[in-house]
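Computed from a prediction, not measured in an experiment: that's the story for all the values here. The chains referred to below are lettered A, B, ... by the order of the sequence lines, with proteins before strands, and numbering in each begins at 1.
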Amino acid sequence: MLLRTKLHGKTYEFPDIRLLMGKANEEKSGDRLAGVGAETAAERVAARLVLAEVPLSVLRETPAVPYDQDEVTRVIQDAVDESVYAEIKSMTVGDFREWLLADTTTPDMIRRTSDGLTAEMVAGVTKLMSNMDLMYAAKKIPVTAHCNNTIGAPGTLSSRLQPNHPTDSPEGIRAEIYEGLSYGSGDSVIGINPVDDSYGSVARLLDMTYDVIKTWNIPTQNCVLAHVTTQMKCMQSGSPVGLVFQSISGSQKGNESFGISVGMLDEAYELAKKHCFPKGPNFMYFETGQGSALSAEAHNGWDQLTLEARNYGLAKRWHPFQVNTVVGFIGPEYLYDARQIQRAGLEDHFMGKLTGIPMGVDACYTNHARADQNAIENLAVMLTAAGCNYFMGVPMGDDSMLSYQCTSFHDAPTLRQLFKLRPAAEFEKWMEDLGLIRNGVLTEKAGDPSFFLKR
Amino acid sequence: MDDAKLAAIVEAIVRELKASGAVQPSAPTAAPAAWTPSTPQTFSARPSSFGGSLTIDLPDPTAPEARLTPRVTNAKDSNGVRALMASTSARIGVGRAGPRYRTASLLLFQGDHAVTQDALYRDVDQRLLDEFNLFTVQTKVSNKQEYLLRPDLGRLLNDEAKRTLNEKCQKNVNVQIVVGGGLSAAAVEANLRQMFPVVRQGVQSAGLTFGTPFFVKYARVGVMNDIGEAIKPDVVILLIGERPGLGRAESMSAYMGYKPKYGDTDADRDVVCNIFENGGTNPLEAGAFVVQIAQKMRQHQASGVKLKMAK
């Protein structure tokens, strides 16, 4: 294999697809940490010049972790629709980029092609896309899903109500839920990150959130984002579960560090179909994020973008209701500043949509990253333009349990009003019936948590 | 020596230190300045010219009672809003201006973020280090940016540091205390004056040797291994600033290890975290507590998971 180009008179040669893929990325601190990033800006572009000429078939044949060593690779490769793949395999990565962007390529054509792709192909084309390319192409690929309501429909923007509390206090969480609902957050899910992963505590929060949903007849679902095994126990014990959650990684070794396997998630999915109280048919919720495999030293020498693409290929197996990257949570060793977080957010959303999953984004940052709330508001605007399914709704974007900042209860209605979008249809109807929204705009009753104190 | 006896001794030390003025007892919470929530629903007529008479003199918006001021206008149940707000530290009951935040809430958030950022991007005050005769050595990290980007380098002392420790530090001591800025200079500044004397006095009262203390610039917790190898103490106590939460930059941790060596991980360490006054582990108590842990580590010749198993 010869991978070589000249650029401004200088010759650049790449030893293999792994390093070519790493060096073609936009600058990321995590790729530097992994030793796969470009040394110079020119080398970065040289890598892209070469990558643009690589046929998709070569990327299929070069998975980040070999087929016989990794069940994530096997899940993705075995799911490829061979007849679709046969149509596209000789296309180069550069031509694939143009095909995705072309006026003659329709959403249906892209959705069909999704089934012939592997994660390495998805990652490859992403490396050749500019930020606006990523927005434009993602916008062409709406992906909807249904649980108790519909997420991802064109013209809508949803919000996960994330009422976390430093001690899991049911009263405190309930107060935050009331605040969030009064702004129209919660149409994706009412989803709590618990401090305490024990069965008793998780079951208590499931009961409490279910009680709110039933009392107010809210067309949504609940979720307590404990380890999947705890949620499985809850389902088997009869707790009211809306969505079943798990963080996933792009390699088998990464998933092992989370204490999960494909077999375990298969089992969780079967339980979800049987026990979850909403209508479905989509019951699963996954979270991902660039750098997570690297931080567990489970990246097999590959770049964090490619590992991230593999998350989406894996998630597709269980027909999720929603998947989101937690894009700035991991810290500056992987995504250094606002620019890198924004780029990764746009990449992840596009890759999820191209893979064919209903993709949202937790646009966020930690306090030791070079970022601020303005940077996250910018990213949310860009992602809304790109057709992102949902964002997080956190009180003023300040999560009092996870010690990071993301999008807020206020951001969802602002983005909806900026882009003339609505909440999920069933949820909007519910808000209208209560008098919280009119013609897509919050009413004078909205933004008052005490609205929900008495039914 | 049993735990109760130890606790009594440590308590006595703290009392003694307070009496001698070596440490300041925690100041009683000052009576809050009167806080008048602004009520901008109506605009009073303003003077046509402020001239030289303009006086703006604001109370601190970060005072607890200011934070808990409900900002929902025309609430269905305003007492209810207060009760809901009291149930969580999350920023609820904040109301809105159109779909956006009210000005006071927006600026409070920005103030909290700002203090966090300032803590992260500055160094510990040299005067504080001088006060405790802490000389400074450095890890293989050469600047703040590299500190954030390369946690691996922050776990290794540079060659000069190893030489300096060899020259200046007493070896094979019972307890070696080390200070690092970590991710918050403010945390060290807020707690060191209270905690350091308690630990020193506690160690000496227990009849143990107290190593030559020093400061490590750009340190991560893992640097304890290099320090253990260089000085060979029984117990290393690393006081280090934690990653700041929004508006809380003063939280410090004390990481501890028994005879730290190359290859030790978090499983080999104990930690007392959330050290800060008013809401966290009080630094005086934390000082007493770490002396107790150091005693236990020496008694069982173990730390971390091994110490838990030994108990």
Side-chain angles (χ1 to χ4, degrees), chain A residues 29 32-33 163-167 169-176 178-180 182-184 331-334 336 366-370 372-373 394-405 408-418 441-442 444-454, chain B residues 70-102 105-106 108-110 112-117 119-121 144-154 182-184 242-249 251:
Chain A
S29 49
R32 288 243 163 160
L33 193 63
N164 296 341
H165 187 280
T167 60
S169 150
E171 295 71 33
I173 290 172
R174 189 187 279 266
E176 293 174 48
Y178 289 170
E179 175 97 349
S182 78
Y183 285 87
E333 310 93 287
Y334 305 92
Y336 181 63
T366 58
N367 286 314
H368 59 323
R370 288 269 187 186
D372 60 15
Q373 209 64 20
V394 168
M396 287 200 71
D398 172 17
D399 191 301
S400 58
M401 192 283 267
L402 292 171
S403 281
Y404 80 128
Q405 286 90 249
S408 70
F409 292 149
H410 294 67
D411 290 343
T414 308
L415 291 164
R416 286 168 183 156
Q417 288 170 217
L418 268 176
V441 177
L442 295 179
E444 65 291 345
K445 287 182 185 168
D448 172 12
S450 70
F451 181 90
F452 290 98
L453 280 174
K454 276 203 197 99
Chain B
R71 303 195 184 278
V72 181
T73 45
N74 304 319
K76 197 172 162 191
D77 175 355
S78 45
N79 285 332
V81 174
R82 277 175 202 277
L84 291 169
M85 291 175 78
S87 70
T88 176
S89 52
R91 296 168 197 252
I92 65 168
V94 294
R96 59 194 183 91
R100 302 307 296 159
Y101 312 121
R102 301 210 36 202
S105 317
L106 174 68
L108 178 58
F109 182 107
Q110 289 179 357
D112 288 342
H113 186 246
V115 76
T116 301
Q117 292 293 297
L120 196 63
Y121 291 111
K144 207 81 188 180
Q145 180 172 346
E146 191 172 54
Y147 179 68
L148 293 174
L149 288 171
R150 295 291 303 271
D152 52 329
L153 298 181
L183 289 164
S184 174
E242 291 177 4
R243 184 178 106 187
L246 197 68
R248 178 174 300 143
S251 189

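- With a 4.5 angstrom heavy-atom cutoff, A:L453 touches chain B only via side-chain atoms.
- Contact of B:R96 with chain A is made through backbone and side chain together, with heavy-atom distances under 4.5 Å.
- Of the two parts of A:A369, only the backbone, made up of N, CA, C and O, holds a non-hydrogen atom closer than 4.5 Å to a non-hydrogen atom of chain B.
- For A:D399, no part sits under 4.5 Å from any heavy atom of chain B, backbone or side chain.
- A:P449 touches chain B through backbone and side chain together, each having a heavy atom under 4.5 Å away.
- With a 4.5 Å cut-off on non-hydrogen atoms, B:L246 touches chain A through its backbone and its side chain both.
- With a threshold of 4.5 angstrom between heavy atoms, A:H368 approaches chain B through its backbone and through its side chain.
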All N/O donor-acceptor pairs, side-chain side in residues 78-87 of chain B, below 3.5 Å, sequence neighbours left out:
unit_1 : atom_1 : unit_2 : atom_2 : d
B:S87  : OG     : B:L84  : O      : 2.6

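- For the residue pair A:S408 / A:D411, a side-chain donor-acceptor distance below 3.5 Å is found, with atom types taken as modelled.
- Contact tally against chain B (heavy-atom pairs below 4.5 Å) for A:S29, A:A412, A:P163, A:A175: the top residue is A:A175.
- Looking at B:K76 and A:D448, no side-chain N of the basic residue comes within less than 4.0 Å of a carboxylate O on the acidic one, giving no salt bridge.
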Q | CA sep, side-chain torsions, deciding dist, call: B:R243, A:S403, side-chain hydrogen bond (donor to acceptor under 3.5 Å, both in side chains) | A | CA-CA 9 Å; B:R243 184 178 106 187; A:S403 281; 5.7 Å; no

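- Of the atoms belonging to B:Q110, not a single heavy atom falls under 4.5 Å from chain A.
- Contact annotation for A:E333: both backbone and side-chain heavy atoms come within less than 4.5 Å of a heavy atom of chain B.
- Looking at A:Y183, only its side chain comes within 4.5 Å of chain B, counting heavy atoms on both sides.
- Put simply, the side chain of B:Q117 never gets that close to the backbone of B:D112: no donor and acceptor are under 3.5 Å apart.
- Taking the ring centre of B:Y121 as origin, the terminal cationic atom of A:R370 falls inside the region bounded by 6.0 Å and 45° from the ring axis.
- Proximity to chain B (any heavy atom under 4.5 Å) is shown, for A:E176, by both the backbone and the side chain.
- For A:L418, no part sits under 4.5 Å from any heavy atom of chain B, backbone or side chain.
- Contacts between B:F109 and chain A at a heavy-atom distance below 4.5 Å involve the side chain alone, from C-beta outward.
- For B:S105, the parts lying near chain A are the backbone and the side chain together; criterion is any non-hydrogen pair under 4.5 Å.
- Heavy atoms of B:L120 lying under 4.5 Å from chain A belong exclusively to its side chain.
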